[in-house]
There are 2 protein chains.
Amino acid sequence: MLDSETKAVETPEDHAEELRLWLRLLTCTTLIEGEVRGRLRQRFDVTLPRFDLMAQLDKAPDGMTLSDVSKRMMVSNGNVTGLVERLVESGHLDRRTSETDRRVQVIRLTKLGRAEFRRMALEHETWIADLFADLTPKDVRELMRLLAKTKASAQKSAARRRS
Amino acid sequence: MLDSETKAVETPEDHAEELRLWLRLLTCTTLIEGEVRGRLRQRFDVTLPRFDLMAQLDKAPDGMTLSDVSKRMMVSNGNVTGLVERLVESGHLDRRTSETDRRVQVIRLTKLGRAEFRRMALEHETWIADLFADLTPKDVRELMRLLAKTKASAQKSAARRRS
DNA sequence: GGAAAACATTTTAGGCTTAAAGCAATTTGG
DNA sequence: CCAAATTGCTTTAAGCCTAAAATGTTTTCC
């Protein structure tokens, strides 16, 4: 049997498996994301980022600040500014400056925005179910568990770098 | 015990688990992708799409057509056109029209492009390994299996829609 | 109280991305 | 052979996205 040192010499840094895993993860996400994007556009003439932003706001009846949205969506501040601008323009969002802190903008879904989002979300959920249809409930549970572990690992690594 | 019909009435369409799974998948990918993007920029002043394109070409010593690249990267044709333009400009790519079919553009890494990519890829691999560091080899295998199943399921669903 | 730091957002410059339309070259099927 | 369809790529218009700098506001802390 090989000791660990010998093995280390033979395969100095074998991270090929992790690399393949990352590529597969990326492929899955890209595939599903593209499918959802296309369906949103065809059925509702809406973009995925707009839908995602509305989804965040649907969960927050009292509204959110732009920073909150930016953190939740994991996108840059400037990105949110533009996205919100367009959704206010189209009447889906209401935006007001906080009374207690004039730096802060609070945004909410308008009645129109909420109604449209709910209508889209119902159908969206069936698309997702269909895309994952071949996974058993056990597969789903197991994937949830492993992705939670993955997320924690990646966050730890990211924090290590920032420190 | 409830029969399936009663149960169906109580929970008409329970796809909440799949939805959560999709969001978690997306979170993991966004997290890792953002981390890789930032490191590529800081260490090598290169963008992620440029790196991805070079990675495709590194696996194809005889070059690829733009269509091939577009399919592999799962992005639109027009996207590749611009990406290639900039990489030819910076001297990383060589582009020539096919002798047998004048519609086709074949691109390859230049000597410079290959050298730079190899240098980046070495480090990139260690980042990925670090990001996935808390997963056991068994976790990795299991994730690979479940993501393969997910990919197949999503492709089937996408094909259903297109038909 | 007031300077300095922190914070929320916007602006800027540049690049990425898509869908759809357009152009040229090749292939197909009468 | 040649018109029609297909294929490979580019262009266009619009929107998405980031990092970094700028602006205005609030908090901190001496």
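Throughout, protein chains are lettered first and strands after them, A, B, ... in sequence-line order, and every chain is numbered starting at 1. Given the structure is predicted, the values throughout are model-derived calculations rather than measurements.
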**Asked** Side chains of A/Thr136 and A/Asp139: do they bring a donor and an acceptor to under 3.5 Å?
**Response**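 A/Thr136 vs A/Asp139: donor-acceptor pair found between side chains.
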**Asked** Any side-chain donor paired with an acceptor under 3.5 Å for A/Ser98 and A/Thr100?
**Response**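 Yes, a side-chain donor-acceptor pair sits under 3.5 Å.
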**Message:** On DNA chain D, compare the nucleotides closest to B/Asn77 and A/Gly82; which residue's is nearer the 5' end?
**Reply:**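 By nearest-heavy-atom nucleotide position, the 5'-most residue is B/Asn77.
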**Which residue lies more 5' along DNA chain D, comparing B/Thr65 with B/Gly34 via nearest heavy atoms** =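 Going by which nucleotide is closer to the 5' end, it is B/Thr65.
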**Asked** Does the distance from a Lys or Arg side-chain N to an Asp or Glu carboxylate O, for A/Arg86 and A/Glu89, drop under 4.0 Å?
**Response**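 Salt bridge between A/Arg86 and A/Glu89, a charged N being under 4.0 Å from a carboxylate O: no.
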**Prompt:** Quick one: the side chain of A/Arg103 and the base of C/dC7, do they pair up donor-acceptor inside 3.5 Å?
**Reply:**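 Pair found.
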Shortest side-chain distance from [X], nucleotide among [options]:
X: B/Asp101; options: C/dT26, D/dT18, C/dT11; value: C/dT26
X: A/Arg95; options: D/dT10, C/dT10, C/dT18; value: C/dT10
X: A/Ser76; options: D/dG8, D/dT18, D/dG15; value: D/dT18
X: B/Gln105; options: C/dG15, D/dT10, D/dC16; value: D/dT10

Respond yes when some side-chain nitrogen or oxygen of [X] is under 4.0 Å from OP1 or OP2 of [N], and no when none is.
X: A/Ser67; N: C/dT9; value: yes
X: A/Arg102; N: C/dA8; value: no
X: A/Arg41; N: C/dA20; value: yes
X: B/Asn79; N: C/dT18; value: yes
X: B/Thr47; N: D/dT18; value: no

**Prompt:** Minimum heavy-atom separation for A/Ser157 to B/Arg39, with atom names?
**Reply:**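 Taking A/Ser157 first and B/Arg39 second, the nearest heavy atoms are OG-NH2, 3.3 Å.
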